[in-house]
Amino acid sequence: MPRDEDAARMDLDADAWHQNEDGKYYLDCPECGSAASISNIVAHGRCNGYVDERETETNLDEAAMSCTAKLSFELVYTSDPSASGEDEAVGE
């Protein structure tokens with residue numbers, strides 16, 4: 001997906017992630033506030049309010065909602081050349 005320079009971005013801290021009774025993770029949609037399950041963001045780029053699915057903790061009438069937010073994830077990383085990785089026990 002090409003990077004949309006006009007899009008609003010937000011950092012997701014630990015408090016942004018929620019887990020439902022089935023153990024699935026979701027976020028609150030920044031536009032409409034409905035649940036945005038990770039699978040719906042990856043598969044459809046939309047929150048559950050847009051695709052008319054409901055999370056158990058969502059108290060909103062999502063069927064009547066018209067959300068226009070397009071959602072996506074971006075993974076950003078940096079490499080630390082001073083860390084050799086020798087001290088880490090990988091796979092143990």
Side-chain angles (χ1 to χ4, degrees):
M1 173 184 271
R3 185 175 170 99
D4 186 356
E5 297 301 329
D6 293 334
R9 288 180 165 60
M10 59 188 276
D11 290 328
L12 301 173
D13 59 16
D15 293 333
W17 299 92
H18 309 289
Q19 190 173 20
N20 68 12
E21 294 167 355
D22 297 327
K24 296 179 181 178
Y25 288 94
Y26 66 95
L27 305 163
D28 295 326
C29 177
E31 183 173 313
C32 69
S34 70
S37 62
I38 294 173
S39 59
N40 279 347
I41 294 172
V42 172
H44 307 288
R46 300 293 189 148
C47 68
N48 297 12
Y50 179 85
V51 295
D52 196 24
E53 292 184 11
R54 301 184 88 177
E55 290 290 341
T56 56
E57 286 85 11
T58 304
N59 295 323
L60 301 172
D61 180 12
E62 294 172 326
M65 198 175 295
S66 66
C67 182
T68 61
K70 292 185 179 180
L71 307 172
S72 65
F73 289 114
E74 177 181 49
L75 177 66
V76 179
Y77 76 96
T78 59
S79 180
D80 185 359
S82 65
S84 66
E86 294 175 7
D87 296 334
E88 297 177 19
V90 178
E92 291 184 5

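For reference, positions follow the sequence shown, starting with 1. These numbers come from the heavy atoms of this one structure, side chains and all, not from hydrogens, waters or symmetry mates.
- Between Cys32 and Cys47, some side-chain heavy-atom pair lies under the 4.5 Å cut-off.
- Looking at heavy atoms from C-beta onward, Lys70 lies in side-chain contact with Arg46 at the 4.5 angstrom threshold.
- To the nearest 0.5 Å, the span separating SG on Cys29 from CG on Asn40 amounts to 11.5 Å.
- No side-chain heavy atom of Tyr26 sits under 4.5 Å from any side-chain heavy atom of Ile38.
- Residues Ile41 and Leu27 have side chains in contact (heavy-atom distance under 4.5 Å, counting atoms from C-beta outward).
- Between Pro30 and Met10 there is a side-chain heavy-atom pair separated by less than 4.5 Å.
- The line from OG of Ser72 to CZ of Arg9 is 7.5 Å long, rounded to the nearest 0.5 Å.
- Listed by chain and residue number, Asp13 satisfy the side chain to side chain contact (heavy atoms under 4.5 Å, CB included) test with Asp15 (two or more places apart in sequence, or in another chain).
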